Amino acid sequence: MEVTRRLFFKLTGTLAATSLIPGSKTVWAAEAAEGSKNAYGCLVDTTLCVGCRKCEQACNERHVLPKPRESFEEMTVLENERRMDETTYTVINKYYPKNIGSLTWRNRPTFVKFQCMHCMDPSCVSACIVGALTKQPNGAVTYDAKKCIGCRYCMVACPFQVPAYEYDNPLTPQVRKCTFCFQDIKDGGLPACAQTCPKEAITFGKRADLLSLAAWKMKSHPGKYVDHLYGEHEIGGTSWLYLASEPFESIGFPKLGTTAPPRLTEAIQHGMFQNFAAPIGLYVVLGGIMWVTGFLKNNHGKKAQNDPVDKGDSP
Ligand code: SF4
Ligand code: SF4
Ligand code: SF4
């Protein structure tokens, strides 16, 4: 039998669903939470960013990515909102103030650096049926191309639409996204973008310390920041955290709840497995209904054949 790509995904999806034993992901979540105590993160203070694109360039060079069409000195690219893709792990976008309001810092554009948020409980990791994505104890969400089967579930699952796929690479396509410079931080270094930023708009450190730093900044500069640290609670928290003087919805951030999507989906899976009897019972009832319906139809058909009134003979 020819195993088509669609059938392969169907089979692997089914296998994955059946292998999701209740509790297995819970153990993983507990391990992740344990690791997250010492995990690193980055605090981006968007009020300090001047949109120089040096972080974009540093990332491009660090990861030996293809050179962009427009040079990193070209600032007109900031006039259009951009997204990360398979050749660009991070972008700076420029947002003009929509409402100056009472905040003094809202009289200039806000520049925002986007990349993978390295979620605390990542949807991409949960969605990946072959374990090609891993939440590392140091906070990075890493990718193993050797395990990847190219299903692209991670792209659908990511609430920030970050993972990009190398569609132009027919032989060895990979999923691409910010690596959090995993090897560098593992070796005691900094992410290239944080190291390069001339305005120190990106602070790298333990996530727990960054939360304290952000709280201190907000308290020490009343009126400078909106009262919201993006990433502290969104979808269970992210390793990258943001301070801003504009509401986050107006500077390109999606409005998200506080529950990590994997907690919701896994709760549903657990419910299905725990109440496995219920679906079986339902199938029995449905089967019964279908049998009775078929029986009545047959009976009605036989009766109709013998009954001239039912043959439509009456006016
Ligand atoms: S932002 Fe998207 S790709 Fe990055 S860790 Fe979160 S879910 Fe995964
Ligand atoms: S495409 Fe994404 S979800 Fe699919 S195997 Fe690769 S990393 Fe995992
Ligand atoms: S952490 Fe590393 S991979 Fe991610 S945007 Fe910064 S330089 Fe690029």
Side-chain angles (χ1 to χ4, degrees), residues 5 8-9 12-13 15-16 32 36 39-44 53-65 83-92 112-136 138-167 169 172-186 189-197 201-204 230-231 234-242 253-254 256 260-262 265:
R5 194 172 170 81
F8 176 70
F9 288 147
T12 49
L15 281 173
S36 73
Y40 290 102
C42 277
L43 174 64
V44 181
R53 302 186 64 204
K54 294 273 187 264
C55 54
E56 286 187 21
Q57 184 171 3
C59 180
N60 175 283
E61 288 167 2
R62 169 64 187 82
H63 297 285
V64 201
L65 297 171
R83 292 207 51 77
M84 289 74 74
D85 61 29
E86 67 279 15
T87 63
T88 313
Y89 293 172
T90 185
V91 294
I92 296 286
V112 184
K113 178 187 184 297
F114 291 103
Q115 70 297 303
C116 169
M117 300 288 277
H118 297 276
C119 308
M120 306 307 286
D121 192 351
S123 303
C124 58
V125 172
S126 181
C128 182
I129 57 180
V130 293
L133 289 158
T134 307
K135 176 71 176 173
Q136 301 287 352
N138 70 3
V141 174
T142 54
Y143 168 71
D144 184 346
K146 290 193 288 300
K147 291 184 181 168
C148 179
I149 55 168
C151 68
R152 284 157 272 154
Y153 289 169
C154 53
M155 296 170 68
V156 180
C158 174
F160 301 98
Q161 299 174 314
V162 167
Y165 193 67
E166 292 180 320
Y167 289 103
N169 178 356
T172 54
Q174 291 187 21
V175 169
R176 298 286 197 154
K177 68 168 198 69
C178 157
T179 64
F180 206 177
C181 292
F182 171 69
Q183 198 54 48
D184 298 306
I185 63 176
K186 198 163 167 236
L190 295 175
C193 52
Q195 187 163 30
T196 300
C197 178
I202 309 165
T203 308
F204 172 77
Y230 195 94
E234 275 79 8
I235 54 161
T238 57
S239 302
W240 281 68
L241 304 160
Y242 288 80
F253 288 86
L256 299 168
T265 51

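All ligand and atom numbering here is 1-based and tracks the order in the structure. Not measured: the values here are computed from a predicted model.
Remark: ligand 2 atoms within the under-4.0 Å shell around heavy atoms of Leu133 are 7 (S). Heavy-atom proximity to Val130, at under 4.0 Å, picks out these atoms of ligand 2: 5 (S). Close contacts of ligand 3 with Pro191, meaning ligand atoms under 4.0 Å from a residue heavy atom, involve 1 (S). Every atom of ligand 2 is numbered from 1 in the order shown, and the set under 4.0 Å from a heavy atom of Ile149 is 5 (S). With ligand atoms numbered from 1 in the order given, ligand 2 contributes 3 (S), 5 (S), 7 (S), 8 (Fe) to contacts under 4.0 Å with heavy atoms of Cys128. Listed by number with element, the atoms of ligand 2 under 4.0 Å from a non-hydrogen atom of Arg152 are 1 (S), 4 (Fe). Shown in contact with Met117 at under 4.0 Å from a heavy atom are these atoms of ligand 1, numbered in order with element: 1 (S), 4 (Fe). The ligand atoms of ligand 1 that sit less than 4.0 angstrom from a heavy atom of Phe160 are 1 (S). Residue contact check: Pro159 has heavy atoms under 4.0 Å from atoms 7 (S) of ligand 1. Applying the 4.0 Å criterion to heavy atoms of Thr90 picks out, from ligand 3, the atoms 5 (S). Proximity to His118 (heavy-atom distance under 4.0 Å) selects the following atoms of ligand 1: 4 (Fe), 5 (S). Which parts of ligand 1 touch Pro163 is read off a 4.0 Å heavy-atom cut-off, strictly below it: atoms 3 (S). Atoms of ligand 3 lying under 4.0 Å from any heavy atom of Thr179, numbered from 1 in the order shown and given with element: 3 (S).
Atom OG of Ser123 and atom OH of Tyr153 lie 15.5 Å apart (nearest 0.5 Å). The distance from the CD atom of Gln115 to the CD1 atom of Ile92 is 8.5 Å, given to the nearest 0.5 Å. Within the model, atoms OG1 of Thr172 and CD of Gln174 stand 6.5 Å from one another, a figure rounded to the nearest 0.5 Å. Atom OG1 of Thr88 is separated from atom CZ of Arg83 by 11.5 Å, given to the nearest 0.5 angstrom. Here the straight-line distance linking atom CZ of Phe160 with atom CD1 of Ile235 works out to 4.0 Å at 0.5 Å rounding. Distance check, rounded to the nearest 0.5 Å: SG of Cys42 to NE2 of His118 gives 8.5 Å.
In this structure, the side chains of Cys148 and Val130 stay at 4.5 Å or more apart for every pair of heavy atoms. Two residues are said to be in side-chain contact when any heavy atoms from C-beta on lie closer than 4.5 Å; Pro122 and Val141 meet this criterion. In this structure the side chain of His63 never reaches within 4.5 angstrom of the side chain of Arg176, judged on heavy atoms. Within the 4.5 Å cutoff, the side chain of Tyr165 has heavy atoms near those of the Met155 side chain. Using a 4.5 Å heavy-atom threshold, the side chains of Cys193 and Lys113 count as touching.
Lys135 and Ser239 share a donor-acceptor pair across their side chains, judged by distance under 3.5 Å alone.
The aromatic ring centroids of Phe182 and Phe180 lie 6.0 Å or more from each other. Ring to ring, Phe114 and Phe253 are close: their centroids are under 6.0 angstrom apart.
Relative ring orientation between Trp240 and Tyr242 is described as tilted, the plane-to-plane angle lying within the 30° to 60° band.
Among the atoms of Cys119, an N, O or S atom falls under 2.8 Å of atom 6 (Fe) of ligand 1. Checking Cys148 against atom 6 (Fe) of ligand 2, an N/O/S atom falls under the 2.8 Å cut-off.
Only the side chain of Lys177 comes within 4.0 Å of ligand 1, judged by heavy-atom distances. Contacts of Tyr143 with ligand 2, taken as heavy-atom pairs under 4.0 Å, involve the side chain alone. Of all the heavy atoms of Ile129, none lies under 4.0 Å from any atom of ligand 2, so neither backbone nor side chain is involved. Under 4.0 Å from ligand 1, not a single heavy atom of Cys178 appears.
In this structure, atom 5 (S) of ligand 3 lies nearest to the protein heavy atom Lys113 NZ, 3.4 Å. The protein atom (non-hydrogen) at minimum distance from atom 4 (Fe) of ligand 2 is Cys151 SG, 2.3 Å. Protein heavy atom at the shortest distance from atom 3 (S) of ligand 3 is His63 NE2, 3.2 Å. Of all protein heavy atoms, the one closest to atom 2 (Fe) of ligand 2 is Cys154 SG, 2.3 Å. Taking atom 6 (Fe) of ligand 3 as the reference point, the nearest protein heavy-atom neighbour is Cys193 SG, 2.3 Å.
Under a 4.0 Å heavy-atom criterion, Ala157 is not in contact with ligand 1. Judged by the shortest distance from any of its heavy atoms, Arg62 lies outside the 4.0 Å radius around the atoms of ligand 3.
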Pair Thr90-Glu56, side chain to side chain donor-acceptor pair (under 3.5 Å): steps then yes or no
CA-CA 6 Å; Thr90 185; Glu56 286 187 21; over 6 Å; no
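Between the choices Ala140, Ala192, Cys59, the shortest heavy-atom distance to atom 8 (Fe) of ligand 3 belongs to Cys59.
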